[in-house]
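Numbers here are sequence positions counted from 1. Computed from a prediction, not measured in an experiment: that's the story for all the values here.
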Amino acid sequence: MAVSRQVVLAGFLIILTLVAVPLALFITQVSQGGYGLKASNKEIDFHWQDIEGEVHQFSDWQQGTTYLFMGFLSCSEICPVRIGQMIALDKWLDESPYSDSSVRFFFVTVDPQTDSPAIRRQMVDGQSKRFVSASMSRDDLDQLQLVLREKVAIQDGIPNHVGNLYLFSRDTSLERVYTQWQLSIEKIQADLIPLLSL
C-alpha cells in the first residue's frame, strides 16, 4: 500500500513538473509581451568587416530586422545550435507569407584568427542570401561584448562564451534577447512577425 502511494505521488510530481515548467514559460512570455527577454530598445551601432574585407556600419542596413549571434565556427556546443535555429527560421521565412520580408542573420566571430573568410563563407554566408558573417577589430569586438553583456573569455586558447541570440528592429534597436540554448522556433516567429510589418 505504501509503495503504491509513493508511485502515485511520484507520478503526480512528474505530471506537475511537465505542466508547471511550460506554464511558467508561457506566463513569462505573456507578462513580457513575447518569448525572448524584452530589451531596453537602445540603438546599437558598430563597424564590421565582411568576407570580402569591406568595412560596414551595422546601422547602414535598415531594410529589416536582424538576428545577431556572436560565436566561433569551431565551437561544438552552442554555436551549431544557434546556426541551426537561424537556418530553421530562414526556411520558415521562405515558406511563409513573409518570404519577401528583409531579415538578416548576422554572425559575429569572436575568433577571427581561426574563422577565416573562406570558412565563414562556407559555414555562414553560403547558407542563404539572408546570412552574413562579420569580423571586427579587437577593440570594437570588446566594446560590442560590453554593450550586449556578452562575456567572452579565452581558456586554453579556446573562446568560452554565453551564446545569446539578439533580435534588432530595422532601426538597430535591440528588441529581444534569447538566452536559452533550446528555443521554440514558433515562439521566435511570434516575436518576429510584428517587427516585419513595421
Determine whether a donor-acceptor pair (N or O, by modelled atom type, separation under 3.5 Å) exists between the side chain of [X] and the backbone of [Y].
X	Y	result
Arg82	Trp181	yes
Gln127	Met123	yes
Asp90	Ser128	no

Can you confirm whether the side chains of [X] and [Y] place a donor and an acceptor under 3.5 Å from each other?
X	Y	value
Ser169	Asp171	yes
His56	Gln49	no
Gln85	Tyr178	no

(request) Check the surroundings of atom CG in Asp100: do more than 12 heavy atoms from other residues, nucleotides or ligands lie under 6.0 Å from it? (result)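 No, the 6.0 Å shell around CG holds no more than 12 heavy atoms from other groups.
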(request) Please find out if less than 6.0 Å separates the ring center of Phe58 from that of Phe106. (result) yes
(request) Could you tell me which residues satisfy side-chain contact (heavy atoms from CB on, under 4.5 Å) with Gln182, sequence neighbours excluded, listed by chain and number? (result) Val81
(request) Kindly assign one of parallel, tilted or perpendicular to the pair Phe105 and Tyr67, based on the angle between their ring planes and the thresholds 30° and 60°. (result) parallel
Looking only at heavy atoms, what is the nearest atom pair of [X] and [Y], with distance?
X	Y	value
Ile78	Cys75	N-SG, 3.8 Å
Asp45	Gln57	OD2-NE2, 2.9 Å
Ser133	Trp48	O-CZ3, 3.8 Å
Asp111	Phe72	CB-CB, 3.7 Å
Pro112	Arg138	CD-NH2, 4.4 Å

(message) So, taking the atom named CG in Leu148 and the one named CG in Asn164, what distance separates them when rounded to the nearest 0.5 Å?
(response) 8.5 Å
